[in-house]
Q: 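Okay, here's the structure, questions in a sec.
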Amino acid sequence: MMTHGKRPSWDSYFMQMAQVVAGRSTCLRRQVGAVMVKDKQILSTGYNGSPSGLQHCDEVGCLRQSLGVPSGERHEICRAVHAEQNALVQAAKHGVAITGADLYTTHQPCVLCTKLLINAGIKRVIYRHSYPDQLAVKMAKEAGLSLVEFGETI
């Protein structure tokens, strides 16, 4: 939000948008939003939730939660598509070129999303909340994908 009559920085502006996008999430564990940006233009957005046309987690429950699976583990049994994945899919679906873009996301990407972001040619990921996935951090570093923790108040 704007304070003292100042305009928000670009990072703050896009992070605020990622937070708004997260409001569409139907995940029971965490609401994540992602905004793909290049040259200060939004290319694509995504939030975490079930694939199109399927029942949402808030309707059928969360298998990972019911089994007590810790954060950062067993992503394959989650019915939701991650926010970063949805942002990539929406760009592909609509023919939007994203090579060289930045991704603003409310949460640091997991290893599955990190691998996709690397292959999509994303340059920088700006995230607000950390996520316990050291393999994702290691792979991002090896690939030259910059992970930047957002430190401003929004």
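The figures that follow rest on heavy atoms only: side chains count, while hydrogens, waters and symmetry mates do not.
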Q: Quick check: is I122 connected to V137 through a chain of hydrophobic side chains (ILVMFWY, heavy atoms under 4.5 Å apart)?
A: yes
Q: Do R30 and S71 have a side chain donor and acceptor closer than 3.5 Å?
A: yes
Q: If hydrophobic clusters are built from ILVMFWY residues whose side chains come within less than 4.5 Å, do V21 and F150 share one?
A: yes
Q: Assign the ring pair W10 / Y13 to parallel, tilted or perpendicular, where the plane angle (0 to 90°) is split at 30° and 60°.
A: perpendicular
Q: Give the minimum heavy-atom separation between S44 and A91, together with the two atoms involved.
A: OG-N, 3.5 Å
Q: Mind running side chain to side chain contact (heavy atoms under 4.5 Å, CB included) on L103 and I126 for me, showing each step along the way?
A: CA-CA 6 Å; L103 182 77; I126 302 90; over 6 Å; no
Q: Run the side chain to side chain donor-acceptor pair (under 3.5 Å) test against S9 and tell me which residues pass, sequence neighbours left out.
A: E152
Q: Could you walk me through whether Q55 and S50 pass the side chain to side chain contact (heavy atoms under 4.5 Å, CB included) check?
A: CA-CA 7 Å; Q55 287 187 299; S50 297; 6.0 Å; no
Q: Is there a side-chain contact between K123 and S146 (heavy atoms, below 4.5 Å)?
A: no
Q: Given 3.5 Å as the limit, does a donor-acceptor pair link the side chain of E142 with the main chain of M139, or not?
A: no
Q: Check side-chain contact (heavy atoms from CB on, under 4.5 Å) between C62 and all other residues, then give those that pass, not counting sequence neighbours.
A: L28, R29, R64, Q65
Q: Do N48 and S25 meet the criterion of a side-chain donor-acceptor pair at a distance under 3.5 Å?
A: yes
Q: Flag yes if Y127 and L117 sit in one hydrophobic cluster, no otherwise; membership is Ile, Leu, Val, Met, Phe, Trp, Tyr, and two members link when side-chain heavy atoms are under 4.5 Å apart.
A: yes
Q: To the nearest 0.5 Å, how far apart are NE2 in H82 and CG in L112?
A: 6.5 Å
Q: Sort and list the pairs that fulfil ring pair (Phe, Tyr, Trp, His ring centres under 6.0 Å) and have at least one residue in residues 33-73, not counting sequence neighbours.
A: none
Q: Show your working on salt bridge (charged side-chain N to carboxylate O under 4.0 Å, His left out) between D11 and R124 and close with a plain yes or no.
A: CA-CA 12 Å; D11 283 348; R124 188 172 69 129; 3.4 Å; yes
